[in-house]
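Each ligand, and each atom within it, is numbered from 1 in the order the structure gives.
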Amino acid sequence: MKRAKYLLGNRKVAIIGAGYVGASIAYALAIRDVAREIVLIDINHEKTDGEAKDIRHGIQSMGTADLYAGDYADCADCDLIIITAGRGRLPGESRLDLTNENIKILDAVVKSIKKYYTRGVILVISNPVDILTFKTTEWMGLPNGMVFGSGCILDSSRFVRCIADYTGLSTGVINGYVVGEHGEGQVPIWSRVTVGGIPIGEYCNEMNLRWDQGVQDDIARQTRSMGSEIIREKSRTHYGIATCVCQLADSIINQRPTIASVCSVLMGEHGVRDVALSVPSVVGPSGVQQRIREKWASEEYRSFFDAVESIRDFLQSIR
Ligand SMILES: NC(=O)c1ccc[n+]([C@@H]2O[C@H](COP(=O)([O-])OP(=O)(O)OC[C@H]3O[C@@H](n4cnc5c(N)ncnc54)[C@H](O)[C@@H]3O)[C@@H](O)[C@H]2O)c1
């Protein structure tokens, strides 16, 4: 994969969309001291100013970032531009139901970014994230990987949480990914899940914990339905994605490469191209630096290819 040239950055982040998700990301970045400068940009200037002031008032005791409400001209010289503008799901809606509205918003956002863009990685969060990442990649015309989406990082985090709860262990010792679509076409990669470096089936056998298809289906179902469940309970999700974005932002801004299941336009990995879906990827200063071609079980490949076909068909239908 062609790598983008990266110049040492000034740790500046722009967040487009200062709603629940954008403001939570700004707050998480500020209190974790990930960035030096954070600018919030939204068509609702008054609300954005209020969010920026509210977060700023706590920074002196928790962080050092310069955080303010700005406009698109502030996208110049950013190391990272995060797109969260767009409507969220209502109870009962799928992420794909947001396409028509959010693609129009994305079109306006990308046109405005392009006027001032000088450098940096673009991270898409707005839903449907796989579709919007594909369109942003097409419209920005940057080297592959410089535009990517949060994809299945949140699903993977929920998956690890469920396994930790089942095994009674800390999330820190569980390693596992969900790949494919951030939506119904998500695929848990059970064949690669480890607990303290031990394959999960072997660990459960050793600990006399039940480990069969029923347990796996139950965890996969919980992981897939978690977003809808939270939306039914509190109308939106924002804290979970904000902490996942912190991990990605830190890897980009502070040059601490990480591995996460994020979406980017595939270039022949697993024989797939011209569609943005999640696979475990090395994320660092130039965005998705490498997509990892690990081997999966045959039924996992089948589910992944089903997700590829369904997202490809969806992309065709909106062309
Ligand atoms: N990828 C994920 O894992 C994940 C998780 C949670 C939410 N989301 C998505 O994030 C998006 C935002 O969710 P939210 O809860 O913050 O919604 P929200 O309604 O609270 O905020 C959206 C913001 O976008 C702004 N906006 C609209 N058009 C704009 C434009 N042209 N330029 C700049 N700003 C504009 C609005 O003024 C609003 O402040 C949704 O699409 C949601 O589905 C993604």
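- Taking a 4.0 Å cut-off on heavy atoms, H238 fails to register as neighbouring ligand 1.
- In this structure, the protein non-hydrogen atom closest to atom 2 (C) of ligand 1 is H182 NE2, 3.6 Å.
- A heavy-atom distance below 4.5 Å is not found between the side chains of C246 and D250.
- Which of T237, I16, D42 comes nearest to atom 38 (C) of ligand 1 through a heavy atom is settled by distance: it is D42.
- Side-chain N/O atoms of R36 and N10 include no donor and acceptor closer than 3.5 Å.
- Looking at I125 next to ligand 1, an N or O pair under 3.5 Å apart turns up.
- With a 4.0 Å cut-off on non-hydrogen atoms, V109 touches ligand 1 through its side chain and not its backbone.
- For an aromatic pair to be called close, the ring centres must be under 6.0 Å apart, and W190 with Y177 fails this.
- Ligand 1 is approached by Y72 to a heavy-atom distance shorter than 4.0 Å.
- Remark: ligand 1 atoms within the under-4.0 Å shell around heavy atoms of N127 are 4 (C), 8 (N), 9 (C), 41 (O), 42 (C), 43 (O), 44 (C).
- Of all the heavy atoms of N102, the ones lying under 4.0 Å from any atom of ligand 1 belong exclusively to the side chain.
- Between the side chains of E51 and Y27, no donor-acceptor pair of N or O atoms lies under 3.5 Å.
- In summary, the atoms of ligand 1 found under 4.0 Å from a heavy atom of G88, numbered by their order in the structure, are 40 (C), 42 (C), 43 (O).
- The shortest contact between atom 19 (O) of ligand 1 and any protein heavy atom is with G86 O, 4.2 Å.
- Among residue pairs with one or both ends in residues 124-157, none qualify as ring pair (Phe, Tyr, Trp, His ring centres under 6.0 Å); sequence neighbours excluded.
- Remark: minimum distance from atom 21 (O) of ligand 1 to any protein heavy atom is reached at G19 CA, 3.2 Å.
- The ligand atoms of ligand 1 that sit less than 4.0 angstrom from a heavy atom of L154 are 3 (O).
- Checked against I125 for a side-chain contact (heavy atoms from CB on, under 4.5 Å), the options L132, T84, I16 give a single hit: T84.
- Within ligand 1, counting atoms from 1 as listed, the ones closer than 4.0 Å to a heavy atom of V21 are 6 (C), 7 (C), 10 (O), 13 (O), 14 (P), 15 (O), 16 (O).
- Ring pair W211/Y166 is tilted by interplanar angle, where 30° to 60° counts as tilted.
- Numbered from 1 in the order shown, with element, the atoms of ligand 1 that lie under 4.0 Å from a heavy atom of T84 read 11 (C), 12 (C).
- The distance criterion of under 3.5 Å between nitrogen or oxygen atoms is not met by K47 with respect to ligand 1.
- Judged by distance alone, the side chains of N144 and R291 do bring a donor and an acceptor atom under 3.5 Å apart.
- Heavy atoms from other residues, nucleotides or ligands lying under 6.0 Å from CZ of F314 number more than 12.
- Of the polar atoms of R87, at least one N or O is found under 3.5 Å from an N or O of ligand 1, judged by distance alone.
- A donor and an acceptor atom, one from each side chain of R89 and S94, are nowhere located under 3.5 Å apart.
- Minimum interatomic distance between I15 and G22 (heavy atoms only, all atoms of both residues): CG2-CA, 3.8 Å.
- When heavy-atom distances to ligand 1 are checked against a 4.0 Å cut-off, A85 comes that close through both its backbone and its side chain.
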